[in-house]
Amino acid sequence: MLSRRDFFYSTLALYAAWPTRRLFAGAVRQNPRFTTSPFTLGIASGDPSATGVVLWTRLALDPLHGGGMPPEPVEVEWRIAADDRMSRIVKSGKSVAAGAWGHSVHVEVDGLTPHTWYWYQFRAGNELSAVGRTRTFPAARTDVERARFGFVSCQHYEQGLYTALDHMAREDLDFAVHLGDYIYENPGGPNRVRQHVGGELMTLEDYRNRYAQYKSDPALQAVHAAFPWIVVWDDHEVDNNYAGFTSERDDPVEEFAKRRAAGYQAYYEHMPLRRASIPRGPLMQIYRPFAYGNLANLFMLDTRQFRTDQPCGDNVKPPCPGMYDPKATLLGPTQEKWLIDGLSHSSSRWNLLAQQIMMARLDRVPGADVGLSMDKWDGYDVERARLLKFFDGKRPSNPIVLAGDIHNNWVNDLHLDAADVSSPMVATEFVGTSVSTTGDGIDITDAQRAMVAENPWVRFCNNQRGYVTCDVARNIFKTNYRVVDFVTRPGAPVTTRASFVVESGQAGAKPE
Ligand SMILES: [Fe+2]
C-alpha cells in the first residue's frame, strides 16, 4: 500500500493533469414542461466581488432520491435586476444544469456596480424560481466606512430546527459566512427532532440526497435568498474529524480518497462557488481571499483538506509529544504561505481569518491536570506559535480569528504564548455556536464555568444555539452573540446574549 504522503502526491499529479470534467454531454433540453417546480432546493448567491457574484440553484424534482431529473442537460435562464420586482433587468443569460453535476447551476455574473444590492431569479422551462437578493462588495482599496455581516456553523438537521437561520434571514447584513458542518454525514437515528434520510454518507448520491434534505428546509432557503454567502467546510461535509486523506476510522487511503471526492463534489454542487473551486477528484480549492474595500480583508481558510493526522490518537489528551511535532500542520505549507503573504500585503483595517476550529488554548480538565482537544489548534502547537509570532512581529492590521466547530459561543484573547496570559495580546478570537447541533442549550454548563475560570484568556462562554453578527467600522469591530432559547420546537425568539468590541490598534475583546 502507498504511504499517505506518497498517495497524496501521486493523487496531486494525477488530478492536476486531469481535464476538468466536461460540463455537459448530449443535446440540451431548452424548454422542458414540468408538472411540479424543479426549484425545490431554493436559490443562493455567493463569493461576491466588487463587480460580480455567483448565482446558484439545483434542479431537483425528487430531491431525496437522486433528484429525479431526466439524464439530459436542461437549459436554465437567469436574470439579475436592480429592483425586487425584477423590472429593471441589468444582466441576463443562459446556463445549463447537467446531470454530471447533479443538475446544479453556477452562474458567475460580472459587470455589476460595486457595493450595490441586486435581485435575481432563474427560469427552467415553464417554472420560475423565487427571487433572491444579493450584494456586490465595494472595490478593493476604496474607502469604506462600515460593513455588517453574520457567521454560522454546525447545522445538524436531526438535532434541532433552524430557528436561528429564520431570524438571521431578517437581519440587515451585507453578506454572511458559513464556517462548516453544513451537513452531517451520520445515518438517520430514532427519537430526534427530525430524521436524516439514509445511512452513513459514502457515495456521491448519498451526499447529494443529504444536501437535498437540508436544503429543503425553508429557513435555510430564506437565509440563502437574503444576502450573498461565503462558505467553507469543516469535517462533517465528508467524515467526522478526518485529516487530509486519513478518515476517522483509518480506512485505506484509496477508499477514503473516493469518499472525499464524492463529498467534495456534492459540496461544490450545492454551494454558490466559483469555477476556481470546481473539484478535481479529491482535491478542491476552497481557501480564498475577499476584500471589502479598504475596511476588511477576509481570508477563508481550509483546516481539513491539507492537515496532518490529529496527534496522540485525537480526542482530549494531556499534552503529548505529537502536539509539538514541527511538521504537523492544519493549513499545509502552501496555504500557510498564502495566508502569511496575504496578511503581509494587506492594507485593510481589519484582517479576518475565517476558519473552522478554536485557536485559543483550552484546558478542558478541571484542576491541576491538563486536557487539550487534539482536533483543534491545540493539537498543532508549532504552527499556531508560528502564526501568533507573525502577528506579534509583523503586526498585520487588527487580526481577528473567526471559528465554529465546538457548538458553543466563546470570546478569547490570543496571546503570543498561547499558554501564558502575561505574554503580549496579539489578536482576538470570536467562536460562534451551532445553529442546531446538540439541540436546546442552557446559558452555561458547570464544566464550561470551570473552563472559563482555568483559561484566563477566555472572556466569554455561552452554551445556546444561534449565530453571530459583526458590525465593522473603521475604529471598532463589534460582535453580537444572537441566541435562541430552544430549537427542539418551533418559535423561539432571538435575543442578544452579549456584545463585545475590539478597538482598532488594540488586540483583545471588551464586553459592551
Ligand atoms: Fe459541528
Side-chain angles (χ1 to χ4, degrees), residues 150-165 168 176-189 192-196 200-201 207 210-211 213-215 217 219-220 223 229 231-243 247-248 260 263-264 266-267 270-271 286 300-305 307 310 314-316 330 354-360 362 364 373-379 401-410 429-441 445 447-448 461-468 481-484 487-488:
F151 69 93
V152 298
S153 59
C154 299
Q155 49 194 35
H156 201 302
Y157 188 81
E158 296 191 310
Q159 295 178 3
L161 304 173
Y162 295 163
T163 311
L165 297 181
M168 190 185 187
V177 172
H178 204 296
L179 295 176
D181 289 358
Y182 193 99
I183 58 159
Y184 283 72
E185 82 284 19
N186 330 89
R192 307 283 173 85
V193 179
R194 308 184 279 192
Q195 196 176 335
H196 279 157
E200 173 98 0
L201 308 181
Y207 284 102
R210 185 61 53 82
Y211 279 101
Q213 185 175 23
Y214 279 54
K215 288 261 185 194
D217 184 283
L220 185 55
V223 85
W229 280 77
V231 300
V232 279
W233 54 42
D234 193 13
D235 53 339
H236 289 286
E237 285 84 353
V238 178
D239 179 36
N240 180 48
N241 280 19
Y242 84 90
S247 74
E248 184 181 20
R260 196 174 101 168
Y264 284 8
Y267 187 78
H270 291 85
M271 298 296 148
I286 190 86
M300 302 301 295
L301 304 184
D302 173 0
T303 62
R304 287 290 161 193
Q305 185 170 191
R307 80 153 77 186
Q310 290 89 350
D314 207 351
N315 301 314
V316 175
L330 286 166
Q355 49 95 56
Q356 291 72 51
I357 49 182
M358 195 193 282
M359 192 175 284
L362 188 68
R364 293 159 166 267
S373 172
M374 294 300 142
D375 187 56
K376 319 278 184 270
W377 283 84
D378 272 337
V401 176
L402 307 178
D405 169 59
I406 59 169
H407 315 149
N408 337 108
N409 289 312
W410 299 82
E429 179 172 51
F430 295 103
V431 183
T433 190
S434 58
V435 167
S436 56
T437 309
T438 73
D440 296 339
T445 66
Q448 288 165 340
C461 173
N462 160 269
N463 186 39
Q464 289 170 289
R465 309 289 75 78
Y467 58 92
V468 183
Y481 280 84
R482 304 279 281 160
V483 300
V484 293
V487 292
T488 57

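Just so we're clear, the structure is a prediction, and the values are computed from it rather than from any experiment. Order of appearance sets the numbers: ligands from 1, and atoms from 1 within every ligand. Residue indices begin at 1 and follow the sequence shown.
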* Quick one: sort the His270 and Tyr211 rings into parallel, tilted or perpendicular, breaks at 30° and 60°. => parallel
* Asked: Counting backbone and side chain alike, does Ser153 bring an N/O/S atom below 2.8 Å of the Fe ion (ligand 1)?
  -> no
* Heavy-atom check, side chain of Ile286 versus side chain of Tyr264, under 4.5 Å -> no
* May I have the angle between Cys154 SG and Tyr184 OH with its vertex at the Fe ion (ligand 1), rounded to 10°? => 100°
* Would you mind reporting whether Trp229 and His178 have side-chain heavy atoms less than 4.5 Å apart? => yes
* Is it true that some N/O/S atom of His407, main chain or side chain, lies under 2.8 Å from the Fe ion (ligand 1)? -> yes
* To do: May I ask you to establish whether Arg210 and Tyr157 are in a cation-pi arrangement, using a distance under 6.0 Å from NZ or CZ to the six-membered ring centre and at most 45° from the ring axis?
  => no
* For Asp181, what is the atom name of its N, O or S atom nearest to the Fe ion (ligand 1)? -> OD2
